[in-house]
Amino acid sequence: MGKKKSKRHTDQYQLPPHVEEARRAVARAAAWKPRPPLPQLRVILVGFGLFLLCGGMALAFLLPSRSLVQDLRSRGVSAAATVVGVDSKPKYVKVRLVSSPKAGTEVELWDYAGMLPETQTGASMIVTYDPKDPSRILAQSWVEDPPANLPAYGTSALAIICLGLATAVTWRRIWILRTFGPEEPPASSAGGNKPRDRGVRRTKS
């Protein structure tokens, strides 16, 4: 009878809670992997900020020029003009209209995304202007076939690159946080607590 009771107690024996917790802590410490450097949030914010900046610049180069060309195509008046002034600092081309109701008017050509046609003083050209506002004027060749908007294309490419890099860094940060555990290795003892020093009770002599 005594042997059967002893065997039953052995089968039902369970480790004390603190021993089981210590065993789990050791297993967690063994499975821990060092975390790669985590991309900083400020790097991600800078990337998205540069994307917004470059995107805004691209729109600033593209929209006004396209709007001007569309307006001149729909209601513009073509006329012969003579170049009366060219300068690069600041950059401008001034023309005098010679064959239109606005003959004798001197205006500066509107730039197309910061670009102006190559010409020189005394040269002749055909221009197209807005009859409601002669200052909105372009070379007729640019109205019919606008030049490549290189500034808009360049800033658009930079915006896409910045967006791609910022997105990649964001996904890497998310992947690291989901894949790896805490930055510091978990303690191998239960609860990570150090054993407390028990004071020795002094006895009176």
Side-chain angles (χ1 to χ4, degrees), residues 37-176:
L38 191 65
Q40 299 296 321
L41 286 175
R42 60 185 177 184
V43 175
I44 298 174
L45 294 177
V46 168
F48 282 111
L50 291 175
F51 160 70
L52 294 176
L53 176 62
C54 293
M57 292 176 63
L59 293 177
F61 283 125
L62 180 64
L63 296 182
S65 301
R66 170 172 288 186
S67 175
L68 176 61
V69 168
Q70 294 298 328
D71 291 345
L72 294 181
R73 284 178 178 177
S74 62
R75 64 170 183 267
V77 175
S78 297
T82 301
V83 178
V84 297
V86 178
D87 195 1
S88 59
K89 297 179 180 180
K91 190 174 183 179
Y92 74 87
V93 174
K94 182 180 289 187
V95 298
R96 180 187 297 115
L97 302 178
V98 296
S99 64
S100 73
K102 299 289 185 179
T105 303
E106 294 186 359
V107 292
E108 292 183 7
L109 290 182
W110 195 287
D111 67 277
Y112 186 89
M115 299 181 292
L116 289 169
E118 294 291 337
T119 187
Q120 59 185 359
T121 303
S124 299
M125 67 169 57
I126 304 298
V127 297
T128 301
Y129 66 92
D130 187 343
K132 296 181 180 179
D133 184 5
S135 65
R136 303 183 74 218
I137 181 173
L138 284 175
Q140 186 183 52
S141 58
W142 282 21
V143 176
E144 296 174 351
D145 184 18
N149 198 329
L150 298 180
Y153 297 158
T155 50
S156 297
L158 289 176
I160 293 174
I161 292 173
C162 292
L163 178 61
L165 292 176
T167 302
V169 174
T170 301
W171 279 112
R172 176 169 175 79
R173 179 182 175 86
I174 295 174
W175 175 77
I176 291 176

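Throughout, numbering of the chain's residues begins at 1 and tracks the sequence.
Environment of CE in M57: sparse, with no more than 12 heavy atoms of neighbouring residues, nucleotides or ligands closer than 6.0 Å. Around CZ of R136, the count of heavy atoms belonging to other residues, nucleotides or ligands within 6.0 Å exceeds 12. Atom CZ of R66 is surrounded by 12 or fewer heavy atoms from other residues, nucleotides or ligands within 6.0 Å.
Considering all non-hydrogen atoms of both residues, S99 and A80 come closest at OG-N, 2.8 Å. The heavy-atom pair separating K102 from P134 by the smallest distance is CE-CG, 4.0 Å. Shortest non-hydrogen contact noted between L116 and V93 is CD1-N, 4.0 Å. For the residue pair M125 and V83, the shortest heavy atom distance occurs at CE-CG2, 3.9 Å. When all heavy atoms of A81 and V98 are compared, the closest pair comes out as N-CG2, 4.0 Å. Between T155 and C54, the closest heavy-atom pair is O-CB, 3.6 Å.
Under the 3.5 Å distance criterion, the side-chain polar atoms of S65 are left unmatched by any main-chain donor or acceptor of L62. For S67 (side chain) and L63 (main-chain N/O), no donor-acceptor pair under 3.5 Å exists by modelled atom type.
Going from atom NZ of K94 over to atom CD of E108 covers 5.5 Å, rounded to the nearest 0.5 Å. Here the CH2-CG distance, from W110 to D133, works out to 7.0 Å after rounding to the nearest 0.5 Å. To the nearest 0.5 Å, atom CD1 of residue I137 and atom CG of residue L72 are 8.5 Å apart. Annotation: the span from Q140 atom CD to E144 atom CD amounts to 4.5 Å, rounded to 0.5 Å.
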### Task
In sequence, state the C-alpha distance, the side-chain angles, and the governing distance for F48 and T170, and then conclude on side-chain contact (heavy atoms from CB on, under 4.5 Å).
CA-CA 10 Å; F48 282 111; T170 301; 3.8 Å; yes

### Task
Before giving the answer on side-chain contact (heavy atoms from CB on, under 4.5 Å), spell out for V84 and T121 the whole-Å C-alpha distance, their side-chain angles and the decisive distance to 0.1 Å.
CA-CA 5 Å; V84 297; T121 303; 5.6 Å; no

### Task
Show your working on side-chain contact (heavy atoms from CB on, under 4.5 Å) between N149 and Y112 and close with a plain yes or no.
CA-CA 8 Å; N149 198 329; Y112 186 89; 4.2 Å; yes

### Task
Any chance you could lay out the side-chain contact (heavy atoms from CB on, under 4.5 Å) test for S141 and D145, step after step, and finish with the verdict?
CA-CA 6 Å; S141 58; D145 184 18; over 6 Å; no

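By the side-chain contact (heavy atoms from CB on, under 4.5 Å) test, V43 pairs with Q40, sequence neighbours left out. W171 meets the ring-ring contact (aromatic ring centres under 6.0 Å, His included) test with no other residue; sequence neighbours excluded. P64 is linked by a side-chain contact (heavy atoms from CB on, under 4.5 Å) to nothing, counting only residues two or more places apart in sequence or in another chain.
Screening T105, T82, V107 for a side chain to side chain contact (heavy atoms under 4.5 Å, CB included) with V95, the sole residue that qualifies is V107. Screening L109, D111, L68, T128 for a side chain to side chain contact (heavy atoms under 4.5 Å, CB included) involving L138 leaves a single residue, L68.
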